[in-house]
> 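First the structure, then my questions, so here it is.
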2 protein chains.
Amino acid sequence: MKPPRPNLSELARHLGVSIATVSNALSGKGRLSPELAKRIRDAADRMGYVPSQAGRALRTGRSGVLGLVLPDIGNPLYPEIAQEIERVATNAGYGVLIANSRDEIAAQDKAIFQLIERGVDGIVIVPRRGTTVPATACPIAIIDTPTTPRNTVSADHFEGGAQVARHLRALGHEKILLIGDDPSSNVQNARINGMRSQLHEAKEIETIWIVEIEAKGGKSCPLGLAAWRARGFSAFACVSDPHALRALTELQSAGIAIPAEATVTGFDNLQWSSFISPPLTTVKMNMPEIATLALDALVEAIQSREASDDTPSPPVTARKAAVPMELVIRRSSGPAPKEQPAAGISQEESKHA
Amino acid sequence: MKPPRPNLSELARHLGVSIATVSNALSGKGRLSPELAKRIRDAADRMGYVPSQAGRALRTGRSGVLGLVLPDIGNPLYPEIAQEIERVATNAGYGVLIANSRDEIAAQDKAIFQLIERGVDGIVIVPRRGTTVPATACPIAIIDTPTTPRNTVSADHFEGGAQVARHLRALGHEKILLIGDDPSSNVQNARINGMRSQLHEAKEIETIWIVEIEAKGGKSCPLGLAAWRARGFSAFACVSDPHALRALTELQSAGIAIPAEATVTGFDNLQWSSFISPPLTTVKMNMPEIATLALDALVEAIQSREASDDTPSPPVTARKAAVPMELVIRRSSGPAPKEQPAAGISQEESKHA
DNA sequence: CTGAAAGCGCTTACAG
DNA sequence: CTGAAAGCGCTTACAG
C-alpha cells in the first residue's frame with residue numbers, strides 16, 4: 001500500500017533522520033558520516049526514490065532543461081544535429097525540449113518564447129534562413145555560419161566548399177555547375193562562396209538555384225542538367241546531398257554515366273549517401289564537435305548569468321568558432337572526360353532530361 | 001530596475017489585489033468581475049508576466065511535458081514522427097522532451113527512466129526493433145505495428161504492403177523481389193507479409209534482407225540486383241525509401257532503365273522521393289493522424305490516472321488502431337517488360353552490378 | 001555531524 | 001466577488 005513514489009519526507013521518516021540530512025546524503029553536499037550517507041542512499045534506491053524535478057526547479061531556479069529550435073524537423077539535415085545536441089546535453093545533465101520553427105512567419109520567435117515559458121535554462125537554435133534571432137534574457141547558442149551576427153559555432157562551410165572545389169580542379173574539371181537550393185540561406189551561400197574562391201582559374205563557373213527553377217517549372221521539375229552537360233559542364237557541385245541525389249539521378253536517367261561522363265558532389269554526408277550507386281562524394285560536418293562547443297558556450301552563459309544574478313546581462317555566447325569539415329571522396333566524382341560534345345549536339349541531348 | 005520576470009506576488013502587490021485573485025484572473029478559474037479580470041490580464045501582459053512552470057508543476061503534480069523516445073534520431077524515418085508529435089503535443093499544451101534510445105542494449109529502458117526522472121506526464125515511444133517496452137507507472141503510448149503487444153496506434157503496414165503488391169500485379173509483374181533490411185523489424189515484416197499476401201498467384205517471389213547481404217559483403221556492398229533482373233525479376237519492392245534508392249541507383253548504374261526495364265518501389269514517402277529521377281513510387285503514412293491518435297490515447301491515460309489517484313493503475317493506451325496508408329504512384333513503377341533475357345545471358349549481366 | 005526552518009511560485013479549497 | 005492560508009518537494013544557510 002506504499003505510494004509508488006516516496007518523497008524526501010517519507011524517506012526521512014522511514015529512516016528516522018531529518019529531511020535535510022537525506023537531501024545532503026543524496027546530493028553529497030553537506031558533510032555527514034559515510035555510514036549514514038550510505039544507509040540513506042541504499043534506502044533511497046530500495047524505496048525507488050526519484051527526486052522531484054518540480055521541487056528542485058522551484059527551489060534552485062534552474063529547470064535542467066534546454067530548448068532546441070530547428071527550422072524544420074522534417075529536413076533530413078537536422079536529425080543529426082538533434083541527435084548530437086541530445087547526446088551532449090544528456091551528458092551535461094540537461095534534458096532537451098524540442099521546438100519546430102515551422103514555415104509560418106515569426107514561428108521561430110514564437111518557438112523561442114514557448115520554450116522560455118516552459119522554463120528552459122538556455123536555448124540552442126539553428127536559425128531559419130533569413131531570420132534574426134531575437135535578443136532574450138535567456139541564453140541562446142546559435143549554430144549557423146561564422147558570419148551570422150551572434151553565431152556561436154558552426155561548421156566551416158566556406159572551407160568545406162573550397163575543399164570540394166580543389167578536389168574538382170585536381171580531377172581536371174574546367175566547367176563546373178554549382179547547384180544551390182535557396183539563395184537566402186547563409187549556409188548555402190557560404191558553401192558556394194567557398195567553392196568559387198578556388199575556381200577563379202577554371203574556364204566556366206555558373207550557379208543555379210533550385211527554388212528559382214521550380215518557381216517556373218513547378219515542384220520537382222527537371223533541372224535541365226543534361227543541357228549543361230552538353231554545353232561541356234562536367235562537374236555538378238551541390239550544396240546538399242538531397243540536391244546531389246536529384247542531380248545524380250537526373251543525369252543517370254538521361255543516360256549520362258557517373259562518374260565517367262559527369263561528376264556529382266554533395267554536402268552533409270547523409271546516411272544514404274554511401275549506399276547509392278555510385279556512392280556520393282560529399283563533405284561531412286563534425287557534428288559531435290559542433291554540438292559540444294555550442295553546449296559548452298551555452299552552459300557557460302547559463303552559469304555566468306546565475307552569478308551576476310538579476311541583471312538582464314547580455315547572455316552572449318558568440319564564439320565565431322568554425323569547425324573544419326571533412327571531404328569524403330567516393331565514386332561519384334572522377335576525372336573530367338577528355339572529349340567534349342559539339343555545340344550542335346548539346347541542344348539535342350538536353351531533350352532527354 | 002524592475003526584475004525582468006515578475007511573479008504573481010509582485011503583480012498582486014502592483015495591482016493592490018491578492019495573489020489568489022491574480023491567479024484566478026489569469027487562469028479564468030475563479031469567478032471575478034470582468035473588469036478586474038481584464039485589468040489584471042492587461043497588467044500581466046504589460047509587465048511581461050510569465051508563469052513559473054516549476055511552481056505550477058510542484059503544486060499541480062503535472063509537468064505539462066511529454067517524452068518522446070525514438071530508436072535512432074539519425075534515421076530518416078523519424079523526423080516526420082517527431083515533427084507531428086511535436087505539433088500535436090504543442091496544440092494540446094504539452095512540451096516534448098526527446099530521448100534517443102541509441103544502439104546500446106537497454107538504452108531504451110534507460111531513456112524511459114530518464115524521462116520519468118525529469119517528471120514527464122507521459123511518454124510516446126517508437127520501440128527499437130525486437131525490444132519490449134517495460135511496464136511503468138507512467139502512461140506510455142506505443143507506435144509500432146498492430147500486432148505489437150501494447151501497441152497504441154500505427155500505420156497499417158500490412159495493408160500498405162498489399163497495396164504495393166496489387167499495384168505491381170496490375171502492371172503485369174510476375175517475378176518480384178522483395179527487399180528488406182532487417183528481419184527482426186516488426187514494421188518491415190508487416191510490410192513484407194502484406195506484399196506476400198497479394199502475390200500467391202505470381203510466378204516467383206523472393207525476399208532478400210540487406211543486413212544478411214552486408215554481413216557477407218560488407219557495408220554498402222552491391223545487392224546484386226542486376227543478376228536478379230537477368231533472372232527475369234522485373235519488380236523490386238523495398239520496405240523503405242532509402243533501400244529503394246539504393247536499389248534504383250544500383251540498377252541505373254548497371255545500365256538498366258527505370259521504369260522501362262525494371263520497376264522499383266519504396267515506403268515512407270521521404271522528402272527526396274519525389275525529386276529523384278524517376279520519382280519514386282512509394283507508400284505514405286498518415287503521420288498527422290497517427291500522432292493525433294497516439295496523443296489522444298496518451299492524454300486520456302494521463303487524465304484517468306489522475307482521477308484514480310495513487311493506485312499504480314495499468315496506464316494502458318492499447319488501441320490496436322491501424323491507420324490506412326496511401327500508395328503514391330510515381331514514375332519509378334511501370335508495366336512489366338515483355339521480353340525476358342535468356343538464362344545464359346543473365347550470368348553475364350550480373351557482372352555489371 | 002545532524003536538524004529546524006524558511007522559502008522558491010503557484011493553485012486550490014475555504015472563509016468572508 | 002475577493003482574500004488569507006496551506007502546501008506541493010526541494011535546498012540552503014544557519015543553529016546546535
Side-chain angles (χ1 to χ4, degrees), chain A residues 3-41 43-44 47-65 93 116-119 121 306-307 309-310, chain B residues 3-41 43-44 47-65 93 116-119 121 306-307 309-310:
Chain A
R5 281 241 219 157
N7 58 22
L8 272 193
S9 320
E10 281 170 84
L11 259 184
R13 186 151 33 78
H14 181 79
L15 287 159
V17 297
S18 81
I19 284 181
T21 300
V22 178
S23 175
N24 283 334
L26 295 178
S27 67
K29 288 269 177 71
R31 293 156 302 266
L32 43 86
S33 63
E35 308 85 56
L36 217 208
K38 177 157 174 31
R39 197 157 68 89
I40 292 174
R41 277 195 301 268
M47 297 173 67
Y49 170 70
V50 176
S52 153
Q53 277 299 318
R56 181 172 292 170
L58 183 55
R59 173 64 224 229
T60 62
R62 308 211 311 98
S63 64
V65 173
I116 292 176
E117 240 184 336
R118 293 223 169 267
D121 295 333
E306 223 149 78
D309 232 10
D310 54 11
Chain B
R5 281 241 217 156
N7 57 23
L8 272 193
S9 319
E10 281 169 85
L11 259 183
R13 187 151 31 80
H14 181 79
L15 287 159
V17 298
S18 81
I19 283 181
T21 300
V22 179
S23 176
N24 283 334
L26 296 177
S27 67
K29 288 270 178 66
R31 294 155 302 266
L32 42 88
S33 63
E35 309 85 53
L36 216 208
K38 178 159 176 24
R39 198 158 66 86
I40 292 174
R41 278 195 299 268
M47 297 174 67
Y49 170 69
V50 176
S52 152
Q53 277 298 319
R56 181 173 291 171
L58 183 55
R59 173 64 224 228
T60 62
R62 308 213 311 99
S63 64
V65 173
I116 292 177
E117 241 183 337
R118 293 224 169 267
D121 294 334
E306 223 148 79
D309 231 10
D310 53 11

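Computed from a prediction, not measured in an experiment: that's the story for all the values here. Throughout, protein chains are lettered first and strands after them, A, B, ... in sequence-line order, and every chain is numbered starting at 1.
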> Which dot-bracket string fits DNA chain D when only Watson-Crick or G-U wobble pairs with both atom distances under 3.5 Å count, crossing pairs get [ ], and | stands for a partner on a different strand?
|||.||||||||.|||
> Mind checking what makes side-chain contact (heavy atoms from CB on, under 4.5 Å) contact with Ala54(B), not counting sequence neighbours?
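Per chain and number, Ala54(B) pairs via side-chain contact (heavy atoms from CB on, under 4.5 Å) with Ala57(A), Leu58(A), Ser52(B).
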> Please report the shortest heavy-atom distance between Ser23(A) and Leu8(A), naming the atom on each side.
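The answer is CB-CD1, 3.9 Å.
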> Hey, which sits more toward the 5' end of DNA chain D by its nearest nucleotide, Pro34(B) or Leu58(B)?
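By nearest-heavy-atom nucleotide position, the 5'-most residue is Pro34(B).
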> Ignoring hydrogens, what is the shortest heavy-atom contact between Asp121(B) and Gly64(B)? Give both atom names and the distance.
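Taking Asp121(B) first and Gly64(B) second, the nearest heavy atoms are OD2-N, 2.7 Å.
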> Who passes side-chain contact (heavy atoms from CB on, under 4.5 Å) against Ile116(A), sequence neighbours left out?
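So Ile116(A) forms a side-chain contact (heavy atoms from CB on, under 4.5 Å) with Ile112(A), Ile123(A), Thr136(A), Cys138(A), Arg5(B).
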> So, OP1 or OP2 of dT2(D): does either fall under 4.0 Å of a side-chain N or O from Thr21(B)?
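For dT2(D), OP1/OP2 do not have a side-chain N/O of Thr21(B) under 4.0 Å.
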> Check the distance between dG9(C)'s P and Glu117(A)'s CD and give it to me in whole angstrom.
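My rounded result for the distance is 17 Å.
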> Rounded off to whole Å, could you give me the CD-to-C1' distance for the Glu35(B) and dT2(D) pair?
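Rounded to the whole Å, the gap is 14 Å.
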> Between dG3(D) atom C1' and Leu36(B) atom CG, what is the distance in whole Å?
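Computing the Leu36(B):CG to dG3(D):C1' distance gives 12 Å.
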> Treating primed atoms plus P, OP1 and OP2 as sugar-phosphate and everything else as base, which nucleotides of nucleotides 10-16 of chain D get B, S or - for protein heavy atoms under 4.0 Å?
BBB----
> Please report the C-alpha distance between Arg56(B) and Gln53(B) in whole Å, then the side-chain angles of each, then the deciding distance to 0.1 Å, and finally whether the side chain to side chain contact (heavy atoms under 4.5 Å, CB included) criterion is met.
CA-CA 5 Å; Arg56(B) 181 173 291 171; Gln53(B) 277 298 319; 4.0 Å; yes
> For the atom pair CD (Glu35(B)) and NZ (Lys38(B)), what is the distance rounded to the nearest 0.5 Å?
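Taking CD in Glu35(B) and NZ in Lys38(B), the distance rounds to 11.0 Å.
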> Between dG9(C) atom C1' and Arg62(A) atom CZ, what is the distance in whole Å?
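Taking atom C1' of dG9(C) as the reference, CZ of Arg62(A) is at 18 Å.
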> With sequence neighbours excluded, tell me which residues meet side-chain contact (heavy atoms from CB on, under 4.5 Å) with Ala12(A).
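Ala12(A) satisfies side-chain contact (heavy atoms from CB on, under 4.5 Å) with Ile19(A), Val22(A) once adjacent residues are dropped.
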> What residues, two or more places apart in sequence or in another chain, satisfy side-chain contact (heavy atoms from CB on, under 4.5 Å) together with Leu36(B)?
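Partners of Leu36(B) by the side-chain contact (heavy atoms from CB on, under 4.5 Å) criterion, ordered by chain and then number, come out as Val17(B), Thr21(B), Ser33(B), Arg39(B), Ile40(B).
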